[in-house]
There are 2 protein chains.
Amino acid sequence: MKKVTINSVAEYAGVSKKTVSRVLNNEPNVSPATREKVLKVFKELDYKPNPIARGLARNKSFIIGCLYDNPSKSYITRVQSGALEACHKFNYNLLIHPCELRGDELIHNVDQLLTTSRLDGLVLTPPFSDSQELIDFLKTQNIPFARVASALEDDTSISVRSNDEQGAYELTEHLISLGHKEIAFIKGHQDHSATEKRFSGYQNALLNHGIEFNEGLVAQGNFSYHSGADSAKQILDLEPMPTAVFASNDYMAAAVLKLATQRQLRVPEDISIAGFDNAPIARHIWPGLTTIAQPVEEMTRQAVEQLILQISDPSTEVYQKVLEAKLITRESTAAK
Amino acid sequence: MKKVTINSVAEYAGVSKKTVSRVLNNEPNVSPATREKVLKVFKELDYKPNPIARGLARNKSFIIGCLYDNPSKSYITRVQSGALEACHKFNYNLLIHPCELRGDELIHNVDQLLTTSRLDGLVLTPPFSDSQELIDFLKTQNIPFARVASALEDDTSISVRSNDEQGAYELTEHLISLGHKEIAFIKGHQDHSATEKRFSGYQNALLNHGIEFNEGLVAQGNFSYHSGADSAKQILDLEPMPTAVFASNDYMAAAVLKLATQRQLRVPEDISIAGFDNAPIARHIWPGLTTIAQPVEEMTRQAVEQLILQISDPSTEVYQKVLEAKLITRESTAAK
DNA sequence: ATGTACTTTGACACCGGTGTCATAATGTCG
DNA sequence: CGACATTATGACACCGGTGTCAAAGTACAT
């Protein structure tokens, strides 16, 4: 079984390889008869153009890179799934690049990635989508990129995010409506812009409902389960103990739930617990966690789709979108 | 900033591009002086060979594909992480390809993937690593591949797995040593060979400790949390209720724990629960799950490393390895 | 000094596509 | 029907590397 290349197709069809190329790329100036003839040969020989050769000629790789550093496995797989959907739609492929670096090392590492892989573009997920440094670097290198879930203001680059502030506001309001006044809050990782957004949603809700903000009820986490466990200890040791805890993501909320249960506290009777993200764990534990669902796949899908559009036509208008977050109530929150 | 190619390097160094190519690939027959000179120019011009051009010339893509269909996000990310480690070591990249298909459609889909991406090899994870059909297809297509966590007997293809049977045996023995005799079992997905291995480990442990196997204590799951919830209902409704439940993975075990807790059963006092895999959820819930830890990253790392070795030298001996699984005891199991 | 074997080097074709441009074929109009 | 514009097609260079092979250079034995 010999390899089927553009040359064999051209020979078999009795035309030049350039004409075959024209048909392949739907270029104009091919007579209907010729086009028909070539297409028939495609079928007959089961011709598949070689993306590598095409990549060399066009200086493109048809590969999008996905940069991430997130402790949440479910978040990552959701991101990948959305990105893949968009990639496959346009015959691109996805290359994943987890990366724990920051600052200079990060830039260097990304530079390395770009030169060794010839990526056509990059999707940035938190916390990289919030790194001004990285964004500046990509701009100087002229690498197309799209930001996912970044609150960073930059209307010159593609951005799709969900409304973290609104989500946190709604969740806090939900707790308040249940009669809670002492609502502890566990913050996320400082490098993520979502951290501040969620925090201010929480603060604004308190403010608008006449509840005084109490710094003492705030713990600093970093989105990891482990940090949630530390914060949980800090919060459950408070006297008086708050009647509700709002953790900036579900893993940290799960850690609070675990410690509370270990301490024989009943959830939600003794204390209400809420998270953020609607990660699988939120419904895998008992009681299920009240949380905020974000359309992670959809965000990433849109971001990558726009990225690819921009790659194929750099004059495309820069896409920026904010999607809604949605409150999901489960058993972990109840009236005080 | 002009592009630095092999031509500019050659010109700048005053040698032919072929000589540059020799230095690049560490080929023999380059005088030390010339080699030195060229290497210096590499540094000076910050030359990075274009992998696409190289790929075209060598008919290689330096990309490994990873095929998976697994409900466990943590398993997937662990697989990816091990695969990436091996890939980066050899300057390969990883392309991920989740795929829900079976049978003919699967074959067709993989065929599509191969022709559109020119992958150099494939890593198969369960359940694909157990698909004789797919393996036969890849062999006819002459695509190098490696199997991860597959119990399928085939000494002509690379395979790295952990000892599922031994793990299940140890875990069951652990429950028996705690005095349990009515140990329910939740099976995994039928397409995964691990399912049968774990089941026979359980059965053998019972047998060797003089406990009669009871078909009525076995529920059919499929590794998903949801199937675990269904099986949990079935098992907890039994009269008399078993004193321990061994689920074939942690998600299903978590589902049993959730239902048990909902029903006000105390774990482990009223019923012991154990899982398999040591997924993050096993330590994120209370009580933490007794389980079996498998070296997923290490399995995949070795599999991909061997795959790449085989790609660069097809005469490499076929690597087959069984790694040990390890019992992790937590709070979810206790004496009867 | 000369022959022989081995090392070093470069010219050139090639991988499988795309871009440029000249030329051939066809269409339009006075 | 001839002049001209437009469409269709192919020859050829090129993308940035690698493989082949011949030629030049070097080492050593005679």
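Below, read A as the first sequence line, B as the second, and so on, with proteins coming before strands; counting in each chain starts at 1.
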Rounded to whole Å, please give me the gap between [atom1] in [X] and [atom2] in [N].
X: A:Arg54; N: D:dG16; atom1: CZ; atom2: P; answer: 18 Å
X: A:Asn25; N: C:dG19; atom1: CG; atom2: P; answer: 7 Å
X: A:Asn7; N: C:dG17; atom1: CG; atom2: C1'; answer: 9 Å
X: A:Lys48; N: C:dC15; atom1: NZ; atom2: C1'; answer: 20 Å
X: B:Ile6; N: D:dT18; atom1: CD1; atom2: C1'; answer: 8 Å
X: A:Glu27; N: D:dG10; atom1: CD; atom2: P; answer: 14 Å
X: A:Lys60; N: C:dT18; atom1: NZ; atom2: C1'; answer: 13 Å
X: A:Glu11; N: C:dG17; atom1: CD; atom2: P; answer: 14 Å

For [X] and [Y], indicate whether the former's side chain and the latter's backbone hold a donor-acceptor pair under 3.5 Å.
X: A:Glu133; Y: A:Arg102; result: no
X: A:Ser61; Y: A:Arg118; result: yes
X: B:Ser21; Y: B:Lys17; result: no

Going by heavy atoms in the side chains, are [X] and [Y] under 4.5 Å from each other?
X: B:Val79; Y: B:Tyr68; value: no
X: A:Pro144; Y: A:Asp120; value: no
X: A:Arg147; Y: A:Val160; value: no

Q) Considering only side-chain heavy atoms of A:Leu56, which listed nucleotide, C:dG17, D:dC15, D:dG17, is closest? A)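 In terms of side-chain proximity for A:Leu56, the closest of C:dG17, D:dC15, D:dG17 is D:dC15.
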Residues 51-59 of chain B side chain polar contacts: donor-acceptor under 3.5 Å, at least two apart:
residue	atom	partner	partner atom	Å
B:Arg58	NH2	B:Asn25	OD1	2.6

(Q) If you take any heavy atom closer than 4.0 Å to DNA chain D, which residues from residues 87-95 of chain B end up in contact? (A) none
Q) Would A:Lys40 and A:Glu44 pass as an ion pair if we require N to O under 4.0 Å? A)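 A:Glu44 and A:Lys40: not salt-bridged.
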Q: Classify the nucleic acid contact of A:Pro49 as base, sugar-phosphate or nothing, counting any heavy atom under 4.0 Å across all strands shown.
A: sugar-phosphate
Q) Has A:Arg58 got a side-chain N or O lying under 4.0 Å from the OP1 or OP2 atom of C:dT18? A) yes
Q.
For a quick test of reading the model: is some side-chain N or O of A:Ser21 closer than 4.0 Å to OP1 or OP2 of C:dG17?
A.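 No.
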With the criterion being N/O to N/O and under 3.5 Å, what pairs connect the protein with nucleotides 6-10 of chain C, and how long is each?
residue	atom	partner	partner atom	Å
C:dT8	OP2	B:Asn29	OD1	3.4
C:dT9	OP1	B:Ser31	OG	3.2
C:dT9	OP1	B:Thr34	OG1	2.5
C:dT9	OP2	B:Ser31	N	2.9
C:dT9	OP2	B:Thr34	OG1	3.4
C:dG10	OP2	B:Ser16	N	3.0
C:dG10	OP2	B:Ser16	OG	3.2
C:dG10	OP2	B:Thr19	OG1	2.6
C:dG10	N7	B:Arg22	NH1	3.3
C:dG10	O6	B:Arg22	NH2	2.5

Q: Take the angle between the ring planes of A:Phe223 and A:His192 and call it parallel below 30°, perpendicular above 60°, tilted in between.
A: perpendicular
